[in-house]
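Quick caveat, the model's predicted, so the values are computed rather than measured. A, B, ... follow the sequence lines: proteins, then strands. Residue 1 opens every chain.
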2 protein chains.
Amino acid sequence: MSATPREDRLVPAPAVRDPTLRDVAELAGVSPRTVSNVVNGYARVTPDTRAKVERALAQLDYQPNLLARSLANGRSGQILVVVPYLDTPYFSELLQAVIPRARTRGYDVLIDQTDGDPRHEAALLRRRSRGLRYDGMLFSPLGLSQDELRDRDQALPLVVLGERSSDGGFDHVGIDDVAASRDAVRHLVACGRRRIAAIGDQPYRTGEAAQRRTEGYRQALAEAGLPVDESLVVQTPRFNRADGARAMEALLALPDPPDAVFAYSDLVALGAVHVLHRVGLRVPDDVAVVGYDDIEDGRYSNPTISTVSPDKAAIAREAVDRLLGRVEGARTGRGEEILVDYALVPRQSTRGGSSEEGRGSEEGRE
Amino acid sequence: MSATPREDRLVPAPAVRDPTLRDVAELAGVSPRTVSNVVNGYARVTPDTRAKVERALAQLDYQPNLLARSLANGRSGQILVVVPYLDTPYFSELLQAVIPRARTRGYDVLIDQTDGDPRHEAALLRRRSRGLRYDGMLFSPLGLSQDELRDRDQALPLVVLGERSSDGGFDHVGIDDVAASRDAVRHLVACGRRRIAAIGDQPYRTGEAAQRRTEGYRQALAEAGLPVDESLVVQTPRFNRADGARAMEALLALPDPPDAVFAYSDLVALGAVHVLHRVGLRVPDDVAVVGYDDIEDGRYSNPTISTVSPDKAAIAREAVDRLLGRVEGARTGRGEEILVDYALVPRQSTRGGSSEEGRGSEEGRE
DNA sequence: TTGAAAGCGCTAACAG
DNA sequence: CTGTTAGCGCTTTCAA
């Protein structure tokens, strides 16, 4: 039996074993400590020994065991991103921006989807934070009220998306929903509409995001001196196409249907437009529609959808940076409220015509 | 100083420390081994001691440190899912199905997106598998050829989605693209179309998926005795709306434009329809369009898009189960080719009308 | 600057 | 059935 490069074993070594820090140390003739220093660029190392170590590193094609590293230093290098639905364009577009941002900071992304189930969401919040596979959580809740959001493991860094937090219980990143909604409805008013419906209100204590949009809607109507016809405010369980379609059908069944619709998401808008087309009504001629989120579908749909466009790149950037700031201890203290930019983007569904246009910034707000 | 419940320490204990297996063992008066057995439901344990342990478990609200567990048993309990774009509906809908499937099997999901970058993809394949944070990889490649897919770390369980593998180098899950494309074009022929364009061909060695669709297109035309006009086969760099729009513009600039389009994805179809509307052509009256993927957008667009509908739930199920079969050692040996069901779903973009319909299974295959 | 050694918290051989 | 114990591979305090 020929001698192996590694010390002898009683049992035959496994066919192939990845090189460890120890192997590198032996080959380089230094201690594991030194190799670790080189690998992590920590303490100063003599150019001489560094060269030796690096040669060994290369020769063995060493790659650190991330699990072991995590266990030793108590950091997983992963963050968890929680969304209600992955196949909702708004969330997938957001994730598309979040993942590279996290990666440039050296973190991998775990994903969970809750289907908006309050129990699932609550469980995620209360899970003991240490010994977990992630160092922090980016959370887009749907079924939880503000109070429930506060009842959580305070040790786990948390940034909440899309819900308003006024009380410093956690960091929050989003846009000013009331102002954005007001702008959207102002736009419809400016287009000469008078019977403006709102689709997407939610009565629950968990529907605060929806309620802020409704608030903006009311403010804009009040400004314009228009009455609020409560029968034009339609509630929906969620913000998807099917909800938009159903709500639109209900509105059309009214004795005096609306001449415009403010939809609380682009999907809702698309669902509404779908129904309008089916019954032979023209958009925007008969009914103008404005949506919310600026998902890609709305830029290619027929007609294209006027919408409130949140700066998703900014949301992703702010959210990831705030979260990792807490993870890495650079930030402490009370949660902050971060409002990012948004813009109202008029397209065919309110203006008609057939031209495409890029992301406008008119009526942009902060 | 009052006595602490834990053994004395020379330095003050950290303000709060999560209970470990050891803590539980001490409290219950048994060995860590036994606690481990109870927690993992391994060996048989006396009801008596089990009760003791469980009481201690509950009292301390013990939760295992997953990192430590992973390091000890060499399994992370995570799989990595790699897609080119997260905000492409096909992929996000697939992920929506994959995540719960993995979770029911006890695995968490890490996500990476490559933007179709061949270097990124190749790096992922070659990364040393041990010491990684994931036990297996579900991979939807875009920029890699079959050969490049084979050049990988064989130790990492891998299931490939959406590319055809005939050679057992890895497991593959998908639908029969040639047959599905043939069905799609047959459908257009059956609708009385004669000048049928194809949008989405790709010439590269990495464009094999696209080339199979083109093959099906040619077969269907040949069957119908129709000539293949190469100017009607338009190549696109990717499969998104913008590509579909550009390709459609090019087709309309032809001296003799098509009366039907087979688009290699629903996004391409939507982009094409967008352009057709803009120039005032009617779908399907002037130009019929059939897509591929059956994404939700196509069920609510105007018109709704006829499409090839792969059984995404089956793809997710088969892919996750095959992958975990290998991860857990239940499966070994050569890679298999798994073909799942698909159906051609006719909608307004080929048939006209304005009714909605659910997922049809007519012309379903395989 | 570098080495020795003690963990991180859990699993699993190996007794008993 | 349960206890003892030796790691998993890395980081990091403490000495030298």
Q: Please answer whether the main-chain N or O of A/Val83 pairs with a side-chain N or O of A/Ser140 as donor and acceptor at a distance below 3.5 Å.
A: no
Q. In a check of side chain to side chain contact (heavy atoms under 4.5 Å, CB included) between B/Met137 and each of B/Leu125, B/Leu323, B/Val81, B/Val159, which one passes?
A. B/Leu125
Q: Mind calculating the distance between CG (B/Asp48) and P (D/dC1) to the nearest angstrom?
A: 13 Å
Q.
Could you check whether any side-chain heavy atom of B/Arg326 comes within less than 4.5 Å of a side-chain heavy atom of B/Leu158, counting everything from C-beta outward?
A. no
Q. In whole Å, what is the span from the CG atom of A/Asp23 to the C1' atom of D/dG9?
A. 10 Å
Q | Degree of bending in the helix from C/dT1-D/dA16 to C/dG16-D/dC1 once both end axes are built from five pairs, to 10° | A | 30°
Q. To the nearest angstrom, how far is A/Arg22 atom CZ from C/dG3 atom P?
A. 13 Å
Q) Hey, can you pull the residues of residues 54-76 of chain B with a non-hydrogen atom under 4.0 angstrom from DNA chain D? A) B/Leu71, B/Ala72
Q: Please say which of A/Asp115, A/Thr114, A/Asp112 ends up in a side chain to side chain donor-acceptor pair (under 3.5 Å) with A/His120.
A: A/Asp112
Q) Between B/Arg128 and B/Asp153, is there a salt bridge with N-O shorter than 4.0 Å? A) no
**Q.** A/Glu26 side chain vs A/Asp23 backbone, donor-acceptor pair below 3.5 Å
**A.** no
Q: Determine yes or no for a side-chain-to-main-chain donor-acceptor pair under 3.5 angstrom, with A/Ser76 supplying the side chain and A/Gln78 the backbone.
A: yes
Q. Does one side chain, of A/Asn37 or A/Arg33, offer a donor that lies under 3.5 Å from an acceptor on the other?
A. yes
Q. So, is A/Ser31 near the phosphate of C/dA4, with a side-chain N or O under 4.0 Å from OP1 or OP2?
A. no
Q) Do the side-chain N or O atoms of B/Thr20 get closer than 4.0 angstrom to the phosphate oxygens (OP1, OP2) of C/dG9? A) no
Q) B/Thr46 or A/Leu21: which one's nearest nucleotide on DNA chain D is closer to the 5' end? A) B/Thr46
Q: Using atom CG of A/Leu132 as one end and atom P of C/dC10 as the other, report the distance to the nearest whole Å.
A: 13 Å
Q) Is A/Arg331 reaching over with its side chain to a backbone N or O of A/Arg322, donor-acceptor style, under 3.5 angstrom? A) yes
Q | Straight-line distance of B/Ile315 CD1 to B/Leu161 CG, nearest 0.5 Å | A | 7.5 Å
Q. Between atom CZ of B/Arg133 and atom CG of A/Leu66, what is the distance when rounded to the nearest 0.5 Å?
A. 4.5 Å
Pick out the pairs of N or O atoms, protein on one side and nucleotides 13-16 of chain D on the other, that lie under 3.5 Å.
residue	atom	partner	partner atom	Å
D/dT13	O4	A/Arg33	NH1	2.8

Q) Taking only N and O in the side chain of A/Asn37, is any of them less than 4.0 Å away from OP1 or OP2 of C/dT1? A) no
